[in-house]
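Residue numbers run from 1 in the order of the sequence given.
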Amino acid sequence: MFTFDDFFKRYPQLTVCQQDILSAYELMRNTFANGNKLLLCGNGGSASDCSHISGELLKSFKKKRPVPTEFRNIVGNDVADNLQGALPAISLPEMVGINTAYCNDCDPQYNFAQLVYGLGRPNDALLAISTSGNSKNVNLAATVAKAKKITVIGLTGQSGGMLCAKCDVCIKVPECETFKVQELHLPVYHALCLMLENELFK
């Protein structure tokens, strides 16, 4: 069971982010509880983080997630025993076909903005990851998300960059160097995934 006490004993430097982590969790919880989805975007190591996060949400992380009984009754035990409860999370950097097509045919800085425009619906959420907060394609995705009434959650370094002003909540970990920011992003998003699993798969 995830607890903030244990988390901040292991990562005391993240205590300054406690309220923003909790606020981000609440926004994500409400998104999923209302039947909406999470989109994720970022570049480089942050793109890999998008994949990691979606993986933790789309299958069991720490606890069993049996499928609902009514679904089990439809598909039967053999199928149901091999499925796990899932939270709909789409890692935009992994959409290689459309990303490469768009970057070849159009201004590549708008690649994530196009995907948010095409896939996002009101009351979905976007987790926008940028160590500096200044990645142009991530900022453009956030701009489109706000226009479509999509909740925007930022995960950045200490300054928050330009992205911070576009977010409903921005978790700014207390580091500036890229690799140090990335080292702190992982425990933050693991905490979010654990809290979501504990709450939504009781």
Side-chain angles (χ1 to χ4, degrees), residues 2-33 36-57 61-62 87 89-93 112 116 120 123-146 150-200:
F2 172 86
T3 68
F4 266 136
D5 287 345
D6 176 62
F7 180 74
F8 292 119
K9 284 178 184 176
R10 290 185 292 124
Y11 303 101
Q13 66 271 52
L14 289 172
T15 302
V16 296
C17 301
Q18 180 171 352
Q19 186 54 55
D20 289 329
I21 294 171
L22 184 59
S23 296
Y25 154 71
E26 291 171 347
L27 290 172
M28 293 170 74
R29 178 198 63 198
N30 292 342
T31 296
F32 290 127
N36 296 99
K37 63 183 176 293
L38 176 69
L39 305 175
L40 306 98
C41 68
N43 300 294
S46 298
S48 296
D49 288 333
C50 292
S51 176
H52 189 162
I53 296 164
S54 65
E56 307 294 18
L57 296 174
F61 185 11
K62 285 285 289 180
L87 299 173
I90 302 173
S91 174
L92 301 182
F112 293 144
V116 170
N123 302 315
D124 285 345
L126 172 70
L127 179 56
I129 308 176
S130 170
T131 58
S132 67
N134 294 320
S135 302
K136 186 163 184 182
N137 61 347
V138 173
N139 272 272
L140 288 166
T143 297
V144 171
K146 296 302 290 183
I150 293 168
T151 299
V152 179
I153 300 163
L155 185 55
T156 72
Q158 190 165 10
S159 75
M162 295 183 296
L163 181 61
C164 190
K166 301 179 181 182
C167 296
D168 294 278
V169 62
C170 187
I171 303 170
K172 298 174 284 185
V173 302
E175 286 289 355
C176 298
E177 283 190 89
T178 298
F179 80 95
K180 293 179 180 179
V181 173
Q182 291 170 332
E183 287 173 353
L184 292 180
H185 278 182
L186 188 147
V188 168
Y189 64 70
H190 268 177
L192 291 169
C193 291
L194 285 166
M195 289 190 289
L196 289 164
E197 184 175 69
N198 286 340
E199 176 65 21
L200 297 172

Could you check if a side-chain atom of [X] sits within less than 4.5 angstrom of a side-chain atom of [Y], using non-hydrogen atoms only?
| X | Y | result |
| --- | --- | --- |
| C41 | L126 | yes |
| V188 | L14 | yes |
| P187 | R10 | no |
| D168 | K146 | yes |
| T156 | C170 | yes |
| L57 | C193 | yes |
| F112 | L140 | no |
| C17 | P174 | yes |

- Message: We want to know whether Q182 and T178 form a side-chain donor-acceptor pair, criterion being a heavy-atom distance below 3.5 angstrom.
- Response: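 The criterion, which ignores hydrogens and geometry beyond distance, is not satisfied for T178 and Q182.
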
* Asked: Is there a donor-acceptor contact under 3.5 Å linking the side chains of S130 and S135?
  -> yes

What's the spacing between [X] [atom1] and [Y] [atom2] if we round to 0.5 Å?
| X | Y | atom1 | atom2 | value |
| --- | --- | --- | --- | --- |
| L39 | S54 | CG | OG | 11.0 Å |
| L196 | L87 | CG | CG | 6.5 Å |
| T3 | K9 | OG1 | NZ | 7.5 Å |

Using modelled atom types and a 3.5 Å cut-off, is there a donor and acceptor pairing between side-chain atoms of [X] and backbone atoms of [Y]?
| X | Y | answer |
| --- | --- | --- |
| E197 | K62 | yes |
| T143 | N139 | yes |
| D124 | I150 | no |

On a heavy-atom basis, which atom in [X] and which in [Y] lie closest, and how many Å separate them?
| X | Y | answer |
| --- | --- | --- |
| V169 | A24 | CG1-CA, 3.8 Å |
| A47 | P93 | CB-CB, 3.7 Å |
| V138 | G42 | CG2-CA, 4.0 Å |

Residues passing the side-chain contact (heavy atoms from CB on, under 4.5 Å) test with E175, sequence neighbours excluded, are K180, V181, L184

Sorted by chain and number, sequence neighbours left out, side-chain contact (heavy atoms from CB on, under 4.5 Å) with M195 holds for F2, F4, I21, Y25, L192

Exercise. Kindly write out the residues that satisfy salt bridge (Lys or Arg N to Asp or Glu O under 4.0 Å) with D20, not counting sequence neighbours, or none if the list is empty.
Key: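 Listed in chain order: nothing, the list is empty.
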
Exercise for review: Carefully, step by step, assess F61 and H190 under the rule side chain to side chain contact (heavy atoms under 4.5 Å, CB included).
Suggested key: CA-CA 9 Å; F61 185 11; H190 268 177; 3.7 Å; yes

* To do: Could you walk me through whether L92 and C50 pass side chain to side chain contact (heavy atoms under 4.5 Å, CB included), step by step?
  => CA-CA 8 Å; L92 301 182; C50 292; over 6 Å; no

